[in-house]
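Only heavy atoms go into these numbers, but all of them, side chains included; no hydrogens, no water, no symmetry mates.
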Amino acid sequence: MQWQADWGLRFRMFVTMFLLFALYIVFAGSLTAYTGGGPLLFAAIFGGFSLVQYYFSDTLTLRSMGAKEVSAEEYPQLHASVERLSQQADLPKPTVAVVDSKVPNAFATGRNQANAAVAVTTGLLRTLDRDELDGVIAHELAHVKNRDMMVMTFASLLATIAFMFVRWGAFFGGGRGRGGGRGGGGIMVAILISLVVWIISYVLMRALSRYREYAADRGAAAITGKPSALASALLKIAGEVEKVPDRDLREEAEMNAFFIIPLKSGVVGRLFSTHPPTEKRVEQLRELERQLETR
């Protein structure tokens, strides 16, 4: 299959970034107005967070997941697959990392195509055969090629900052406003604004994340020419994740937006899932397979 630019994804990324930027302006302005803090202070806080997230997003994500960069000597087959598929996708070879976890999964991170990393779990390496593993790696490389990781990084950054202010706003504003100033009421208004910003950024991130998974599945099919292999891998991963006790999923579930298969389940989990249903993704891949067979 020939790689085709996904203009639907590009449009959604543009709209998401525009809305996030507008949300950032409203958020920073509101906090400045209602907490009494100077605009330079908030610009410095947001600017510092943004720079750290932009330049160290790959390192921070890998460390938060306990991923360890591995050499070709340690994992020769994995490195060979990543290198071969990167060439097929016309991408620089990303950093290769492995997470010591029995939960089968994979994710990609990084600010651009030249500074990307692809990580897989040891559980994934044990669960999939070679073609299925190629499909998963190609899916992650498609995220890199589509450049959707940067948008997700900034969306998660704004949501994180807003949530931190909601959580710690009362503490930071403690003792202010008891003398009749606007401090106490201002802090409460700022916390409410932060909560609204967190909810909106969360919804934007979830909406983009669902579409980008479909786009990455199509991209993986184009890279490998084997949509059925990725479909088989998705079903295997989903089946294995369902067997893992909830207590073993709690820490990793925070990274759901970056995983190939989400870890949460149940009615509420599906409603707020960062991913479309696995069945629909498999159906799309099988349709791509049928199209290939008729050519």
Side-chain angles (χ1 to χ4, degrees), residues 1-6 9 57-59 61-62 65 67-101 103-150 212-238 240 258-261 281-282 284-286 288-293 295:
M1 296 178 63
Q2 186 176 0
W3 179 277
Q4 295 180 347
D6 193 319
L9 177 62
S57 59
D58 53 345
T59 303
T61 302
L62 292 175
M65 284 304 303
K68 175 188 174 185
E69 184 178 345
V70 295
S71 66
E73 288 73 26
E74 294 174 285
Y75 287 85
Q77 260 195 329
L78 177 61
H79 266 269
S81 293
V82 172
E83 185 167 5
R84 171 171 46 81
L85 293 168
S86 297
Q87 291 175 353
Q88 291 174 204
D90 193 24
L91 287 170
K93 182 184 176 184
T95 297
V96 181
V98 172
V99 182
D100 185 13
S101 171
V103 181
N105 233 313
F107 64 92
T109 184
R111 64 182 183 271
N112 53 41
Q113 295 180 355
N115 297 273
V118 170
V120 300
T121 65
T122 51
L124 186 81
L125 296 176
R126 289 193 295 265
T127 302
L128 305 183
D129 63 31
R130 185 169 181 175
D131 284 345
E132 291 167 343
L133 181 61
D134 278 357
V136 169
I137 294 172
H139 172 98
E140 301 306 334
L141 291 175
H143 282 309
V144 176
K145 194 171 180 68
N146 286 332
R147 297 182 174 88
D148 56 49
M149 295 180 303
M150 183 184 70
R212 81 183 192 119
E213 292 304 322
Y214 281 128
D217 287 345
R218 292 191 293 270
I223 293 170
T224 64
K226 298 179 180 178
S228 60
L230 178 57
S232 176
L234 293 178
L235 290 173
K236 277 190 180 181
I237 296 170
E240 290 298 317
F258 295 90
F259 286 143
I260 189 170
I261 288 288
R281 295 172 65 185
V282 169
Q284 174 188 247
L285 289 165
R286 286 176 174 167
L288 289 173
E289 186 75 29
R290 286 191 289 270
Q291 292 176 13
L292 280 176
E293 291 175 351
R295 289 183 181 179

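With sequence neighbours left out, E293 forms a side-chain hydrogen bond (donor to acceptor under 3.5 Å, both in side chains) with no residue at all. The salt bridge (charged side-chain N to carboxylate O under 4.0 Å, His left out) test applied to R290 returns E287, not counting sequence neighbours. E74 pairs by the side-chain contact (heavy atoms from CB on, under 4.5 Å) definition with K68, V70, S71, not counting sequence neighbours. In this structure, R147 has no salt bridge (charged side-chain N to carboxylate O under 4.0 Å, His left out) partners at least two apart in sequence or on a different chain. Every residue two or more places apart in sequence or in another chain was checked for a side-chain hydrogen bond (donor to acceptor under 3.5 Å, both in side chains) with T59, and none qualifies. Applying the side-chain contact (heavy atoms from CB on, under 4.5 Å) rule to L292 yields the partners M1, P227, R295; only residues at least two apart in sequence or on another chain are considered. Residues forming a salt bridge (charged side-chain N to carboxylate O under 4.0 Å, His left out) with E69 (at least two apart in sequence, or on another chain): none. With sequence neighbours left out, N112 forms a side-chain hydrogen bond (donor to acceptor under 3.5 Å, both in side chains) with N115. Residues passing the side-chain hydrogen bond (donor to acceptor under 3.5 Å, both in side chains) test with E289 are S228, sequence neighbours excluded.
Panel note: side chain S81, backbone D134; no donor-acceptor pair is recorded below 3.5 Å. Remark: the backbone N or O of T121 is not paired with any side-chain donor or acceptor of S101 at under 3.5 angstrom.
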Practice prompt. Before giving the answer on side-chain contact (heavy atoms from CB on, under 4.5 Å), spell out for L288 and D217 the whole-Å C-alpha distance, their side-chain angles and the decisive distance to 0.1 Å.
Written response: CA-CA 10 Å; L288 289 173; D217 287 345; over 6 Å; no

Worksheet item: Should R286 and V282 be marked as a side-chain contact (heavy atoms from CB on, under 4.5 Å) after you check the CA-CA gap, both sets of side-chain angles, and the distance that decides it?
Response: CA-CA 6 Å; R286 286 176 174 167; V282 169; 3.5 Å; yes

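Once rounded to the nearest 0.5 Å, the distance linking CG of L91 with NZ of K145 reads 5.0 Å. The distance from atom CG of D90 to atom CG of L141, rounded to the nearest 0.5 Å, is 11.5 Å. Rounded to the nearest 0.5 Å, atoms CG (L125) and OH (Y75) are 6.5 Å apart. Between atom CG of residue L235 and atom CG of residue L230 there is a gap of 9.5 Å, rounded to the nearest 0.5 Å.
Considering every non-hydrogen atom in both L124 and A106, the closest pair reads CD2-CB, 4.0 Å. The two residues D6 and L9 make their nearest non-hydrogen contact at OD1-N, 2.9 Å. Shown here for A220 and H139, the closest heavy-atom pair between the two residues is CB-N, 3.4 Å. Scanning both residues, Y214 and Q284, for their nearest heavy atoms gives O-NE2, 3.4 Å. Considering every non-hydrogen atom in both K236 and T127, the closest pair reads NZ-O, 3.7 Å.
More than 12 heavy atoms of other residues, nucleotides or ligands sit less than 6.0 Å from atom CZ of R126.
The stretch residues 222-234 participates, sequence neighbours left out, in these salt bridge (Lys or Arg N to Asp or Glu O under 4.0 Å) pairs: D131-K226. Within the structure, salt bridge (Lys or Arg N to Asp or Glu O under 4.0 Å) pairs that include any residue of residues 109-118 do not occur (at least two apart or interchain).
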